[in-house]
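For reference, the structure is listed below as structure tokens.
The structure displayed is predicted, hence computed values, not measured ones.
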Amino acid sequence: ICFQIKELVDYYMPQFPIENIFRVKFSSLAPKDISMAFRNVKQKPDEKLSHGVYAREEIDLRVGFAFSHLNTSKLYDKVGSPFERFN
């Protein structure tokens with residue numbers, strides 16, 4: 001999300017100094033975890049890390065789609081399609 005927010009800040013607040021943008025890391029939406037993350041802000045945004053996240057998301061989607069398709073095909077082979085009764 002960091003780079004999307006950075007783009008919005010660049011567009012709507014061009015006078016805002018870019019060196020004042022930091023990355024907050026948290027893995028839970030629990031209030032105590034978010035509070036702790038904001039108390040430990042140290043990192044600058046890393047564009048390579050951001051691209052890596054998008055790449056992993058894309059791989060997860062593609063593998064998930066292929067696996068779901070494979071499971072569905074195997075299930076249809078064993079029990080038939082639920083749509084056959086409508087023909």
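Taking the side chain to side chain donor-acceptor pair (under 3.5 Å) definition, one finds that N40 meets it with nothing, sequence neighbours left out.
For the side-chain contact (heavy atoms from CB on, under 4.5 Å) criterion with K6, the lone passing option out of V9, D10, L8 is D10.
Taking SG of C2 as the start and NZ of K25 as the end, the distance is 12.0 Å to the nearest 0.5 Å. Remark: N71 CG to K74 NZ distance equals 10.0 Å, nearest 0.5 Å.
Note on I18: it clusters hydrophobically with M13, by side-chain heavy-atom contacts below 4.5 Å among ILVMFWY residues. Transitive grouping of hydrophobic side chains (ILVMFWY, heavy atoms separated by less than 4.5 Å) keeps F65 and I59 in distinct clusters.
In the hydrophobic clustering, where aliphatic and aromatic side chains (Ile, Leu, Val, Met, Phe, Trp, Tyr) are joined below 4.5 Å either directly or transitively, L29 groups with F22, V24, F26, I34, F38, V41.
Not a single donor-acceptor pair under 3.5 Å links the side chain of S68 to the backbone N or O of G64.
Residue pairs meeting the side chain to side chain donor-acceptor pair (under 3.5 Å) criterion with at least one partner in residues 50-62, sequence neighbours excluded, are Q4-Y54, E58-R62.
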